[in-house]
Protein chains: 2
Amino acid sequence: MSGVTHVSSPPETTGRGTVTMRALSLLGAFDERHRRLTLTEMAARASLPVPTAHRLVGDLVAWGALTRDPEGRYVVGRRLWDLGLLSPVQRGLRDVASPYLHDLYGTTRATVHLAVRDRGHALYLDRLAGHSSVPAVSSVGARLPLHATGVGKVLLAHAPEQVRVEVMASLQRLTAYTITQPARLRAQLDQVERNGYAVTYEEMTLGACSVAVPVRRRGEVVAAIGIVLPRLEATIQRHVAALEVTARGIGRGLDG
Amino acid sequence: MSGVTHVSSPPETTGRGTVTMRALSLLGAFDERHRRLTLTEMAARASLPVPTAHRLVGDLVAWGALTRDPEGRYVVGRRLWDLGLLSPVQRGLRDVASPYLHDLYGTTRATVHLAVRDRGHALYLDRLAGHSSVPAVSSVGARLPLHATGVGKVLLAHAPEQVRVEVMASLQRLTAYTITQPARLRAQLDQVERNGYAVTYEEMTLGACSVAVPVRRRGEVVAAIGIVLPRLEATIQRHVAALEVTARGIGRGLDG
DNA sequence: ATCGGGCTTCCGTCAGACGGAAGTCGACGC
DNA sequence: GCGTCGACTTCCGTCTGACGGAAGCCCGAT
């Protein structure tokens, strides 16, 4: 470790693109809405001629980045799943937090979330949902808006001003209760910072409220945890207490 | 979907290898024991000249397959994590099973495992461990031996004869209680098949016993779930009952 | 100041990528 | 059955972008 300068950011010659980039763009053809693709579809989504895609995909399959499902469609392979788990995308955080979250789930029996901020979104790192939990849109790996979720508000309240400005610029309405006025949101964020917790009332999904608190490491907010409930009533304080215990546990775990 | 023939398996010209393969081999340089690598290390592990690796890694970083950590080392990037989650590596199974497993955890407060057989190993797809749970070596994505774990024995008992033979050929000793005699193991597997559940007594890790049952989909064993406890005593039947309820739930969920 | 290890840039050579065209395969309709 | 169609796979002549040794750079250690 020494001469760490920087990888020359891609000049993007707008030409053909390197072979590597082309191969990667084929992987990029997969997303939440496209988990199974035919060769032709992949080629189209990656803007590559079919024979070229065919060659590259051959390599990807040989290595295990892709596999074919029973119908012959291509799907993301096991090897990428393995690699993904290796990613330090907050891996330390997930590993440390996991037992605490399960304990919390055991206590509350509510859907539990662990999220970090990824640019202008809340990135869900873990999610525990029992069977009887409130149905929710979240899932591990999902990116949800910062302004309409419990963990999102916490993360936003502790984000740099620049991020807040960007997010405020387009507050998408998701339900009748979504906060779409920048001023109101800003007021809430101030409260979140003061109170140390955030709440939402059906702002993301009807029938789902949430409470969330920050996870701090050496004082700095590194993540947020929250629970989702059908309604909050007067139970907020109790939940906040449980969440805070958990958050402190995780914070300590991160240092150890 | 039609002319599904087959991707010509790599003739492996033993030459330089395609660009794509080289890029992938750089990703392959990462594993559980090498999560953070310098450029030079990656190049060495992939048997590539440093300047070549540098160019390829540049692309991988630009695309998001790799990132640099604060110290300048390379680590698996967020985008691969995303992709990995997309992998159908039993994704349906994990998604369906998740709530059931959480319920089971809520009831037993023991470490809960969900695993499938991957060749001669048990591949752990999910793992719930509370804080007070028995410390265990397992983790999501891990591959553990079939002969020394609860879920492993279940999966092995329902595996094709060929797999059983292969596994029997080398029964690695892990603790003083690991079963290393093929005959004894085979007798146990017969019992597992008859009884419908498997148990282990500190065969993988000292201080950790386990009970496991198969998850069936339309009669066929597709996975196994199990719990880990400090000891089993006379509680086996109760745990088996809880596990079976869960397994049936998952099995039904898979069909729905 | 000097050294060494690792990262980055250069650039002349040429291996290997490229992709249009043609061949194959299976499904479907008549 | 036969023809059509869509999708996959193979071929192969062209030529581009990959290759990697050498040199330069940067930083920390001596």
Side-chain angles (χ1 to χ4, degrees), chain A residues 1-27 29-30 34 36-63 65-75 77, chain B residues 1-27 29-30 34 36-63 65-75 77:
Chain A
M1 232 14 17
S2 57
V4 176
T5 49
H6 58 93
V7 171
S8 54
S9 49
E12 210 47 74
T13 50
T14 59
R16 245 216 237 97
T18 68
V19 178
T20 310
M21 275 303 186
R22 297 178 140 209
L24 290 172
S25 74
L26 283 169
L27 291 181
F30 291 87
H34 301 86
R36 313 162 71 237
L37 298 170
T38 67
L39 176 62
T40 314
E41 285 166 345
M42 291 178 69
R45 288 175 60 79
S47 327
L48 293 177
V50 174
T52 301
H54 179 252
R55 186 161 27 82
L56 298 174
V57 165
D59 282 348
L60 293 171
V61 170
W63 187 78
L66 298 178
T67 333
R68 312 195 70 165
D69 70 5
E71 286 97 60
R73 285 217 185 66
Y74 291 96
V75 292
Chain B
M1 237 6 23
S2 57
V4 177
T5 49
H6 60 93
V7 172
S8 54
S9 50
E12 210 47 72
T13 49
T14 61
R16 244 214 239 101
T18 67
V19 178
T20 311
M21 274 304 185
R22 297 178 141 210
L24 290 172
S25 74
L26 283 169
L27 292 181
F30 292 86
H34 302 86
R36 314 163 70 239
L37 297 170
T38 66
L39 176 61
T40 314
E41 285 166 346
M42 292 178 69
R45 287 174 61 78
S47 326
L48 293 177
V50 174
T52 302
H54 179 253
R55 186 161 27 81
L56 298 175
V57 165
D59 281 349
L60 292 171
V61 169
W63 188 78
L66 298 179
T67 333
R68 310 193 74 164
D69 71 5
E71 285 96 61
R73 286 217 185 65
Y74 290 95
V75 292

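On a predicted model such as this, the values are computed, not experimentally measured, just so you know. So you know, we letter chains A, B, ... as the sequences are listed, proteins then strands, and number each from 1.
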>> Restricting to side chain to side chain contact (heavy atoms under 4.5 Å, CB included), what partner residues turn up for A/Val75, sequence neighbours left out?
In response: A/Arg36, A/Thr67, A/Asp69, B/Pro88
> Taking atom C1' of D/dA7 as reference, at what distance in whole Å does atom CE of A/Met42 sit?
Replying inline: 15 Å
>> With a 4.0 Å cutoff (strictly under), does any side-chain N or O of A/Thr52 reach OP1 or OP2 of C/dG19?
In response: yes
> With a 4.5 Å limit on heavy-atom distance, are the side chains of B/Phe30 and B/Leu37 in contact?
Replying inline: yes
> How long is the line joining CE of B/Met21 and C1' of D/dC19, in whole Å?
Replying inline: 19 Å
> Rounded to the nearest 0.5 Å, how far does CE of A/Met42 lie from CG of A/Leu60?
Replying inline: 6.5 Å
> A/Glu71 has an atom CD; how far is it from atom P of C/dG26, in whole Å?
Replying inline: 17 Å
> Counting side-chain heavy atoms from C-beta on, which of D/dG20, C/dT8, C/dG19 comes nearest to A/Pro49?
Replying inline: C/dG19
> Over how many whole Å does the gap from B/Leu56 atom CG to C/dA17 atom P extend?
Replying inline: 12 Å
> Of all residues at least two apart in sequence or in a different chain, which pass the side chain to side chain donor-acceptor pair (under 3.5 Å) check with A/Arg55?
Replying inline: none
> Of all the choices, C/dT8, C/dG19, D/dA18, which nucleotide is nearest to the side chain of B/Val19 once you look at every atom?
Replying inline: D/dA18
> Think B/Arg22 has a side-chain N or O under 4.0 angstrom from the OP1 or OP2 of D/dA18?
Replying inline: no
> Nearest of D/dT9, D/dG21, D/dA18 to any side-chain atom of A/His54?
Replying inline: D/dT9
> Is any side-chain N or O of A/Arg55 closer than 4.0 Å to OP1 or OP2 of C/dG16?
Replying inline: no
> Could you give the distance from CG (A/Leu26) to CG (A/Leu56), rounded to the nearest 0.5 Å?
Replying inline: 5.5 Å
> Rounding to a whole Å, what distance do you find between A/Leu39:CG and C/dC25:P?
Replying inline: 17 Å
>> What is the distance, to the nearest angstrom, from the OH atom on A/Tyr74 to the P atom on D/dA7?
In response: 14 Å
>> If you compare every side-chain N and O of A/Arg73 against the phosphate oxygens of D/dA7 (OP1, OP2), does one of them come in below 4.0 Å?
In response: no
>> Can you identify which nucleotide, out of C/dA17, D/dC19, C/dT8, has its nearest atom closest to the B/Arg68 side chain?
In response: C/dT8
